[in-house]
Amino acid sequence: MPYFPTKQPFGLYVHIPFCRKKCAYCDFFSLTDEKLVVPFMAALAAEAVFALSKKDAVFDSLHIGGGTPSIVEEKQIVKFVGRLNEVARFCIDSEITVEANPESVNSDWLKSLRQAGVNRVSIGVQSFNDDSLAFLGRIHNTRQAKKAFEAARFAGFDNIGLDIIYGLPGQTRADLEADLNQAVALAPDHLSCYMLTIENGTPLAASLQQKKFRPLSGARLGDMFMTVADVLARNGYMHYEISNFTRTRETRSRHNLKYWRRVDYMGLGPSAHSCRGHERYWNVKSVPDYIDRLSAGRSPRLSGEKLSRHQQMMEAVYLGLRLAEGVDLDAFNREFSVDFKTLFAPVLSEHEQTGKLCLSDGQCRLSTRGMLFHETIASDLATLIP
């Protein structure tokens, strides 16, 4: 039954850790043994009952991510979403998102999920250049990417997000603009544009160590970031977070905004994290261990921590500056009983003078160019936190 909360609702994240093939750049927890999908989905449903049936939380977002949720049969996903609706309280206007990859999604799958109440789909396109897709280790091509988007629209989704990765070795500004123009031509409601990062332990990191490619310079990457912001702004997209763009305020990722705004959320699935107030906790990472624990009626939670005041302040600064709206000064001052402008005065002055940061309308926010230096600026501010 739809529920109308009196306080800010939680977000709910569900991690489905299966992929047909591990991408060269990815360091997220996932595995390719699809034989475990059926027992895993049973364990996931058991955790949902275990974690949510107390009815002490109300949700207005559900994000089913991975991994690649679209490799799970539609009847299993639909059954699981139905189970969640039975054991959890969702607001009437909840955002229900499922991630999908072009090579594993089809019209029937999308129609089934739409009929089950899923109202947002996020498609991992990454590029509309087949050579770039091959470099990234993706197993779909440009034709499949466009076909997946069209199938999602045909299935009735009026809120579709696309993921793009840029800053690949050898990529030029013209290459990037061509990618973005193909994305914009589809008229997605949301775009997540991520600069390629080479994470330790990934095949891409091994290739770099073997000198199989040369990464772009910091200056080139900075130019590409500004190109993304410029092209998407000219095409009517609002730049609301460092890597995220939307056509309207309503099609911003409600679920991800909870992370950036430090709103409580719960996570289900192996390696999933949860946040309640100042407490953080997380599940076991091993899928067999996760299945075994829930089969035996035990919690899959592995550990947790309570953030210190120092850690809370660092998190508020780091996450708040990711958003175009920035850090709300009054809210920060109330929460931590400090004066933001006084505490951070030396760093604020330095970065204001260079045009990377501005203080106005009760907010501390980064300029578009300042977003390039987010890590540095947040670290500079962190040195002044008591």
Side-chain angles (χ1 to χ4, degrees), residues 1-16 48 51-52 56-66 69-70 77 80-81 84-85 88-100 110 113-114 116-124 152-153 155-164 187-194 232 236-269 272-277 280 315-316 318-328 331 363 365:
M1 177 180 294
Y3 185 83
F4 299 89
T6 56
K7 62 180 182 178
Q8 195 161 10
F10 283 44
L12 179 59
Y13 175 76
V14 176
H15 187 64
I16 296 181
L52 304 175
D56 62 340
V58 178
F59 302 92
D60 72 343
S61 74
L62 164 63
H63 192 106
I64 301 177
S70 52
I77 293 277
F80 176 70
V81 170
L84 287 179
N85 275 305
R89 291 190 294 178
F90 284 96
C91 300
I92 193 168
D93 64 342
S94 293
E95 173 193 270
I96 312 292
T97 304
V98 175
E99 295 179 2
L110 289 162
L113 266 65
R114 185 69 191 93
V118 175
N119 52 26
R120 184 173 184 270
V121 63
S122 178
I123 305 175
R153 280 285 190 238
F157 285 94
D158 55 11
N159 192 355
I160 304 175
L162 298 180
D163 289 355
I164 299 289
D189 307 281
H190 189 278
L191 279 161
S192 296
C193 299
Y194 301 111
L232 295 184
Y237 286 88
M238 177 198 313
H239 192 177
Y240 74 97
E241 191 272 343
I242 289 177
S243 302
N244 287 274
F245 302 78
T246 181
R247 280 198 176 279
T248 69
R249 292 180 64 83
E250 290 71 31
T251 54
R252 291 176 299 176
S253 172
R254 183 188 298 179
H255 187 80
N256 287 340
L257 278 170
K258 293 187 184 297
Y259 300 146
W260 300 317
R261 290 175 171 169
R262 300 163 61 233
V263 176
D264 290 348
Y265 57 88
M266 294 179 66
L268 305 179
H273 283 59
S274 299
C275 162
R276 275 201 165 193
R280 307 287 184 270
E315 191 176 73
Y318 182 89
L319 294 175
L321 288 179
R322 290 196 64 89
L323 291 165
E325 65 192 32
V327 178
D328 184 307
Q363 303 289 129
R365 59 175 68 88

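Sequence positions, counted from 1, serve as the residue numbers for this chain.
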Can you sort out the partners of Glu325 under side chain to side chain contact (heavy atoms under 4.5 Å, CB included), two or more places apart, ordered by chain and number?
Arg252, Arg261, Leu323

Could you tell me which residues satisfy side chain to side chain contact (heavy atoms under 4.5 Å, CB included) with Asp328, sequence neighbours excluded, listed by chain and number?
Asp330, Ala331, Gln363

With a 4.5 Å limit on heavy-atom distance, are the side chains of [X] and [Y] in contact?
X	Y	answer
Arg120	His190	yes
Ile77	Ile16	yes
Asp163	Ile123	no
Phe59	Met266	yes
Trp260	Asn244	yes
Leu232	Cys193	yes
Leu52	Leu84	yes

Please enumerate all residues that pass side chain to side chain donor-acceptor pair (under 3.5 Å) together with [X], with sequence neighbours excluded.
X	answer
Ser122	none
Tyr13	His15
His255	Ser61, Tyr259

Please give me the minimum heavy-atom distance between [X] and [Y], naming the atom from each residue.
X	Y	result
Leu268	Ala272	O-CB, 3.5 Å
Cys91	Pro9	SG-CG, 3.9 Å
Gly267	Ser274	N-OG, 2.8 Å

Identify whether the distance between the nearest side-chain nitrogen and carboxylate oxygen of Arg89 and Asp60 falls below 4.0 Å.
no

Backbone of [Y] reached by a side-chain donor or acceptor of [X] within 3.5 Å:
X	Y	value
Arg276	Arg280	no
Tyr240	Ser253	yes
Asn119	Glu95	no
Lys258	Leu12	no
Thr251	Thr246	no

Going from [atom1] on [X] to [atom2] on [Y], what distance comes out if it is rounded to the nearest 0.5 angstrom?
X	Y	atom1	atom2	value
Asn85	Ser94	CG	OG	8.5 Å
Tyr237	Asp189	OH	CG	7.0 Å
Tyr265	Leu62	OH	CG	15.5 Å

Apply the side chain to side chain contact (heavy atoms under 4.5 Å, CB included) test between Arg153 and each candidate in Val121, Leu110, Ile160; give the one that qualifies.
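It is Ile160; the other options fail the test.
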
As a test of understanding, state which of Ile64, Ile96, Val98, Val81 forms a side chain to side chain contact (heavy atoms under 4.5 Å, CB included) with Leu113.
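Answer to the side chain to side chain contact (heavy atoms under 4.5 Å, CB included) test with Leu113 among Ile64, Ile96, Val98, Val81: Val98.
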
Mind jotting down which residue pairs meet the salt bridge (Lys or Arg N to Asp or Glu O under 4.0 Å) criterion with at least one end in residues 239-249? Sequence neighbours excluded, please.
Glu241-Arg322

